Amino acid sequence: MNRQRSRPRLQISHGPKKKVEYEQPPDLGNLSPDLQPCSPPTFFTQEDGISQNPFYQIGKYIVRQTNPSNECCTAVDRINGTEFTCKVLPLGVYREKLAPYFATDGHENIVNICEIILGETSAYVFFERGFGDLHSYVREKKKLKQAEARNLARQVVAAVNHCHENGVILRDLKLRKFVFKDAERTVLALDGLDDAIVLDDETASDTLTDKHGCPAYVSPEILSTRHGYSGKCADLWSLGVMIYTMLVGRYPFHDREPIALFSKIRRGTYKIPDSVPARAKCLVRNLLRREPSERLSAAEALDHPWFTRPIMVEPPNRPVIVQKGIDQTVPDYDYPMEDVSLDASLPN
């Protein structure tokens, strides 16, 4: 495996013993809760249930804590106005929490840590800012045209391949985990490796036993086995769900009731619309295979003809037949078990 341990540009420094609060925050540019441009900062009062002064300085950064119970904050470099995402982690566990980032650092399609400042009890970790996530983008577009879907999907596969090559199992791979690095929304980066597992060495098995992830993306072997399953193969199934959803505009397996959804995933039966190009269909089918060992690896997926050969002229889109009672677009609701263990929700 090609593990990247050295990182000369990452700065880890010790900050002040106590965070410095501002009674009147200075000019913070476009700082806002979701790092969207041209939004003025909001000042909370005691009536909001949040500290009256949510702004404080850590090193050269002004950090905005919107909720004390949420470890993720927004920040701005007070020297040049650059915006960042800041995670506040307990000092004793920050290295463990950041291990997947250290193992995969340096890839253009994975969010990089820009700086770490160690305080008295917390580590302040500053990440590149994002311009919205891929899930919201697909919902906005309904579905993506082939050229755009291919460009973005290639970046997603490249990020997954880099993780697997460096011994990182993602476990909770989904559209929402990828954010855009640019305002034009052409470059993606994998964000949120908090659920990932780093294998000890090159010979370590990727067998997992816990059932963790988002129901719409979960693989059939996770639902069916009482024993271990391959973490990499489960990631590849989720990758197939992502590419399908980008091209079609809905999940291959979807139902508002989790038990019904799990039943559909176990059967592994789905339909790809005729409007999806043949090469893209081929890639999806080779990722969404019920037998884990038959799925393409991430490296093999990168070499698939859909990515390596010129795009064929697409036939005119056929009319979409809307079936009553079936969601035809990526839903805006989250399943009840989103981002939590699936164990409690799975039938015996």
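Values in this document were obtained by computation on a predicted structure and should not be read as measured data.
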* Check the pair D105, N112 against side-chain contact (heavy atoms from CB on, under 4.5 Å), reporting the backbone distance first and the verdict last. => CA-CA 6 Å; D105 183 59; N112 292 317; 3.1 Å; yes

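- Side-chain contact check for D206 versus Y229: every heavy-atom pair is 4.5 Å or farther apart.
- The OG atom of S263 sits 12.5 Å away from atom CD of E257, with the distance rounded to the nearest 0.5 Å.
- Checked by atom type and distance alone, the side chain of Y244 never pairs as donor or acceptor with a backbone atom of G249 at under 3.5 Å.
- A123 approaches L118 most closely through the heavy-atom pair CB-CD2, 3.8 Å.
- Under the 3.5 Å distance criterion, the side-chain polar atoms of D235 are matched with a main-chain donor or acceptor of L170.
- Heavy atoms only, all atoms of each residue included: A298 and H164 are closest at CB-ND1, 4.5 Å.
- Summarising the geometry, atom NE2 belonging to H212 is positioned 10.0 Å from atom CD1 belonging to I222; distances are rounded to the nearest 0.5 Å.
- Counting only heavy atoms from C-beta outward, the side chains of K143 and P273 never approach each other to under 4.5 Å.
- Counting all heavy atoms, side chain and backbone alike, T209 lies closest to G228 at CG2-CA, 4.1 Å.
- The backbone N or O of C73 lies less than 3.5 Å from no partner atom in the side chain of R64, so there is not a single donor-acceptor pair.
- Aromatic ring pairs are classed by plane angle as parallel below 30°, tilted from 30° to 60° and perpendicular above 60°; the pair H135 and Y251 is tilted.
- Between K232 and I169 the shortest side-chain heavy-atom distance falls below 4.5 Å.
- In the model, N109 has no side-chain atom that pairs as donor or acceptor with a side-chain atom of H162 under 3.5 Å.
- The line from CG of L134 to CG of L190 is 11.0 Å long, rounded to the nearest 0.5 Å.
- Other residues, nucleotides and ligands contribute at most 12 non-hydrogen atoms within 6.0 Å of the NZ atom of K97.
- If you take OG1 on T104 and CG on L193, they are separated by 5.5 Å, rounding to the nearest 0.5 Å.
- Here CG of L175 is found 4.5 Å from CE of M242. Values are rounded to the nearest 0.5 Å.
- Distance alone, capped at 3.5 Å, places no donor-acceptor pair between the R78 side chain and the I62 backbone.
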* To do: List the steps and the verdict of side-chain contact (heavy atoms from CB on, under 4.5 Å) for I272 and L247.
  => CA-CA 9 Å; I272 305 179; L247 288 163; over 6 Å; no

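- Counting heavy atoms from C-beta outward, L288 and V241 have side chains that approach closer than 4.5 Å.
- Under a 3.5 Å cut-off, the side chain of E115 and the backbone N or O of F126 do not form any donor-acceptor pair.
- Taking the six-membered ring for Trp, Y101 and F127 have ring centres closer than 6.0 Å.
- Considering L188, V187, I243 as possible partners of L152, the one that fulfils the side-chain contact (heavy atoms from CB on, under 4.5 Å) test is L188.
- Aromatic ring pairs are classed by plane angle as parallel below 30°, tilted from 30° to 60° and perpendicular above 60°; the pair F180 and Y137 is perpendicular.
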* Just do the side-chain contact (heavy atoms from CB on, under 4.5 Å) check on R176 and C214 with the steps written out, would you? => CA-CA 10 Å; R176 204 182 298 275; C214 177; over 6 Å; no

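- A donor-acceptor contact shorter than 3.5 Å links the side chain of S238 to the backbone of A234.
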* Residues L302, R154; criterion side-chain contact (heavy atoms from CB on, under 4.5 Å); working and verdict -> CA-CA 7 Å; L302 277 178; R154 184 193 289 114; 4.2 Å; yes

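- A heavy-atom distance below 4.5 Å is found between the side chains of P220 and W237.
- Two residues are said to be in side-chain contact when any heavy atoms from C-beta on lie closer than 4.5 Å; L287 and L296 meet this criterion.
- With hydrogens and angles ignored, the 3.5 Å screen pairs no side-chain donor or acceptor of D200 with any backbone N or O of A204.
- Looking at L98 and L89, their side chains come closer than 4.5 Å, going by heavy atoms from C-beta outward.
- Put simply, the side chain of Q155 never gets that close to the backbone of E108: no donor and acceptor are under 3.5 Å apart.
- Taking both residues in full, the closest heavy atoms of F307 and A301 are given as CD1-O, 3.1 Å, listed atom of the first, atom of the second, then distance.
- One N or O on the side chain of E300 and one on the backbone of S297 form a donor-acceptor pair closer than 3.5 Å.
- Partners of R185 under the salt bridge (Lys or Arg N to Asp or Glu O under 4.0 Å) rule, at least two apart in sequence or in another chain, are E140.
- Here the closest heavy-atom approach between residue K87 and residue D194 is recorded as NZ-OD2, 2.9 Å.
- If you take CZ on F178 and CG on D133, they are separated by 11.5 Å, rounding to the nearest 0.5 Å.
- Here the shortest heavy-atom pairing between R290 and E221 reads O-OE1, 4.3 Å.
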